[in-house]
Amino acid sequence: MVTKVDIFALGPSPYDEVEFSRRRKVKVRTSGEELFVKAPEDTILRKLLWYREGGEVSSKQWRDIVEVLRVSGAEINEQYLTLWAEKRRVDDLLTRAQAEAAAKLGS
């Protein structure tokens, strides 16, 4: 079995610091190996930023955003997500993605 892992360096912005501090340790094997992973809110926010910076054309980024919202719904910290979406000026995209994720749950 092959697993793809993306590795990112810590950036210089205040959001980068917050994002890094919120990482979570998860067990990846029954033998005990662990990795740090982003919180779902930070995955959504980062992908919203990339989507905006890329001219809002990447269907892969958009699909990922909607799917993380859909599958992580109950565990998402909405207050944190909304606050940082507003600060990073992607709150319009977040609202649109949330509506699309909700529609998928309803179908």
Colleague: Salt-bridged, Arg63 to Glu67, with N to O below 4.0 Å?
Modeller: no

Colleague: Indicate, with yes or no, if Val71 and Leu81 share a hydrophobic cluster defined by side-chain heavy-atom contacts under 4.5 Å among Ile, Leu, Val, Met, Phe, Trp and Tyr.
Modeller: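 Different clusters: Leu81 never reaches Val71 through Ile, Leu, Val, Met, Phe, Trp or Tyr contacts under 4.5 Å.
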
Colleague: Would you say the side-chain atoms of Asp64 and Tyr51 include a donor-acceptor pair closer than 3.5 Å?
Modeller: no

Colleague: Compute both the distance and the angle, then confirm whether Arg22 meets the cation-pi test with Phe20: under 6.0 Å from the six-membered ring centre, within 45 degrees of the axis.
Modeller: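 Output no; distance or angle outside limits.
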
Colleague: Between atom CG of Leu45 and atom CG of Leu93, what is the distance when rounded to the nearest 0.5 Å?
Modeller: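 That separation rounds to 11.0 Å.
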
Colleague: Please say whether the positively charged group of Lys87, taken as NZ for Lys or CZ for Arg, lies over the ring of Trp84, i.e. under 6.0 angstrom from the six-membered ring centre and within 45 degrees of the axis.
Modeller: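 Cation-pi check for Lys87 and Trp84: passes.
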
Colleague: When you compare the side chain of Lys104 with that of Val66, does any pair of heavy atoms fall below 4.5 Å?
Modeller: yes

Colleague: Determine whether a donor-acceptor pair (N or O, by modelled atom type, separation under 3.5 Å) exists between the side chain of Ser21 and the backbone of Val18.
Modeller: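 Such a contact is found between Ser21 side chain and Val18 backbone.
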
Colleague: To check you understand the geometry: which heavy-atom pair defines the closest contact between Arg70 and Ala101, and what is its length?
Modeller: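 Residues Arg70 and Ala101, closest heavy atoms: N-CB, 4.0 Å.
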
Colleague: Which value, rounded to the nearest 0.5 Å, describes the distance between Ile65 atom CD1 and Leu94 atom CG?
Modeller: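 Answer rounded to 0.5 Å: 9.0 Å.
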
Colleague: Using 4.0 Å as the upper bound for N to carboxylate O, is an ion pair formed by Arg52 and Asp92?
Modeller: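 Yes, this pair counts.
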
Colleague: Would a 4.5 Å heavy-atom cut-off, applied to side chains only, mark Tyr15 and Asp42 as touching?
Modeller: yes

Colleague: Would Glu19 and Arg46 pass as an ion pair if we require N to O under 4.0 Å?
Modeller: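 A salt bridge is present here (some side-chain N lies under 4.0 Å from a carboxylate O).
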
Colleague: Just by distance, with hydrogens left out, do Gln98 and Glu78 show a side-chain donor and acceptor under 3.5 Å apart?
Modeller: yes

Colleague: Is the closest basic N to carboxylate O distance between Arg29 and Glu34 below 4.0 Å?
Modeller: no

Colleague: Would you call Glu41-Arg88 a salt bridge at under 4.0 Å N-O?
Modeller: no

Colleague: With side chain to side chain contact (heavy atoms under 4.5 Å, CB included) as the test, would you mind laying out the steps for Leu49 and Val90 before giving the verdict?
Modeller: CA-CA 7 Å; Leu49 290 166; Val90 292; 4.1 Å; yes

Colleague: From Ile44 CD1 over to Leu69 CG, what is the distance, rounded to the nearest 0.5 angstrom?
Modeller: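 Rounded to the nearest 0.5 Å, the CD1-CG separation comes to 4.0 Å.
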
Colleague: Can you see whether Ser31 engages Glu33 through a side-chain donor-acceptor pair at a distance of less than 3.5 angstrom?
Modeller: yes

Colleague: Just checking, is any N or O donor in the side chain of Glu100 or Trp62 under 3.5 Å from an acceptor N or O on the other one?
Modeller: yes

Colleague: Judged by modelled atom types alone, do Ser13 and Asp16 share a side-chain donor-acceptor pair under 3.5 Å?
Modeller: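 Side-chain D/A pair, Ser13 to Asp16: present.
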
Colleague: Below 4.5 Å, heavy atoms only, C-beta onward: do Glu75 and Ser72 meet side chain to side chain?
Modeller: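 Yes - at least one pair of side-chain heavy atoms lies under 4.5 Å apart.
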
